[in-house]
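This report concerns only the one structure given below.
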Amino acid sequence: MNPSANSLEQIFQAHIRTLALTLRRSTVANYQGVAHRFGGYLQTAFPQLRQLAELRRDPHLLGWFRTMCEQNPPLKTRADYLLRLRRLLEDLAANGHAIQPDLIRPEDFPPRPQYLPRPLPPQDDQRLRDELRRTDDWPANALLLTRATGIRIGECIGLALDCL
């Protein structure tokens with residue numbers, strides 16, 4: 001059968017059934033979810049779209065990205081949806097469907113949050129210092145030295161035992 005003869009939903013579901021042969025049930029459910037969301041968006045926003053070959057980055061994909069960004073409350077799984085949809089589209093292209101390349105690009109993904117370490121509360125910091133002083137062995141003293149001077153662990157390890 002001609003790859004473009006089926007509806008978009010049928011094409012996605014057929015490919016997901018193939019993925020189900022090697023993936024976990026929960027992973028398959030995730031792919032089904034993204035196919036359902038994306039297919040629903042296309043059906044609502046672009047009902048005239050019938051073939052994967054007609055799929056364009058702008059307006060189809062960029063419109064879907066915009067829709068996901070505007071959801072309230074914000075969609076926390078946007079990057080996961082993009083990864084899964086990109087996999088589906090790349091797999092379909094590899095299986096002979098006429099799909100434009102680079103519909104989803106690296107810059108489309110939201111930036112990953114960068115978590116900074118939190119400082120210890122003052123009372124915990126004091127208890128840690130007291131315990132290190134009480135222990136009074138080589139590792140405890142090395143940690144006290146790094147905390148007092150700001151030298152790195154690697155620099156501390158490289159110090160000679162009699163350097164102080």
Is a salt bridge present between R57 and D108, judged by a nitrogen-to-oxygen distance below 4.0 Å? yes

Quick one, E54 and Q48 - any side-chain contact, counting heavy atoms below 4.5 Å? no

Checking side chain to side chain contact (heavy atoms under 4.5 Å, CB included) for the pair H15/N95: CA distance, chi angles, key distance, verdict? CA-CA 9 Å; H15 184 63; N95 289 329; 3.7 Å; yes

Is the number of heavy atoms from other residues, nucleotides or ligands under 6.0 Å of Q114 CD greater than 12? no

Restricting to non-hydrogen atoms, name the atom on V34 and the atom on R84 that form the minimum distance, rounded to 0.1 Å. CG1-CB, 3.7 Å

With a 3.5 Å distance limit and no angle check, can you tell me whether R56 reaches the backbone of A53 through a side-chain donor-acceptor pair? yes

Would you say D130 and R134 make side-chain contact, with heavy atoms under 4.5 Å? no

OH/Y31 to CG/D91 distance, rounded to the nearest 0.5 angstrom? 7.0 Å

Count the heavy atoms of every other residue, nucleotide or ligand shown that sit under 6.0 Å from CD of E155, and state whether that count exceeds 12. yes

Which pair of heavy atoms, one from R37 and one from W64, lies closest together, and at what distance? O-NE1, 4.0 Å

Find out if a path of hydrophobic residues (ILVMFWY) with successive side-chain heavy-atom gaps under 4.5 Å connects L143 to I157. yes

Main-chain N/O of L145 paired to T149 side chain as donor or acceptor, under 3.5 Å: yes

Give the C-alpha distance, both sets of side-chain angles, the deciding distance and a yes or no for side chain to side chain contact (heavy atoms under 4.5 Å, CB included) between R86 and Y81. CA-CA 8 Å; R86 182 175 65 184; Y81 283 149; over 6 Å; no

Treat each ILVMFWY residue as a node, draw an edge where side-chain heavy atoms are under 4.5 Å apart, and state whether L159 and L132 are in one component. no

Side-chain (D124) to main-chain (L120) donor-acceptor, under 3.5 angstrom: no

Atom CG in L52, atom CZ in F12: separation rounded to 0.5 Å? 5.5 Å

Nearest 0.5 Å please: distance from the CG atom of D80 over to the CG atom of L85. 12.5 Å

Checking S7 side chain against Q10 main chain: does a donor-acceptor pair fall under 3.5 Å? yes

Between L8 and F38, is there a side-chain heavy-atom distance shorter than 4.5 Å? no

Nearest-0.5 Å distance that lies between atom CG in L55 and atom CG in L89: 6.5 Å

More than 12 heavy atoms of other residues, nucleotides or ligands under 6.0 Å from CD of E9: yes or no? no

Thinking salt bridges, do E90 and R87 make one under a 4.0 Å N-O criterion? no

Indicate, with yes or no, if L62 and M68 share a hydrophobic cluster defined by side-chain heavy-atom contacts under 4.5 Å among Ile, Leu, Val, Met, Phe, Trp and Tyr. yes

For E70 and T67, indicate whether the former's side chain and the latter's backbone hold a donor-acceptor pair under 3.5 Å. no

Under the side chain to side chain contact (heavy atoms under 4.5 Å, CB included) criterion, do Q123 and Q126 qualify, and how do the steps go? CA-CA 5 Å; Q123 62 273 18; Q126 184 61 48; 5.7 Å; no

Quick one: sort the F46 and H60 rings into parallel, tilted or perpendicular, breaks at 30° and 60°. perpendicular

Assigning hydrophobic clusters by single linkage (Ile, Leu, Val, Met, Phe, Trp, Tyr; side-chain heavy-atom cutoff under 4.5 Å), is L128 placed with I153? yes

For the CG atom of L83 and the CG atom of N30, what is their distance to the nearest 0.5 Å? 11.5 Å

Short side-chain to backbone donor-acceptor contact, D102 and R105, under 3.5 Å: no

Which heavy atom in L82 sits nearest to a heavy atom in F65, and how many Å separate them? CD2-CE2, 3.1 Å

Would you check if the side chain of D125 reaches a backbone N or O of P121 as a donor-acceptor pair within less than 3.5 Å? no

If I take atom CG from residue L88 and atom CD1 from residue I99, how far apart are they, to the nearest 0.5 angstrom? 9.5 Å

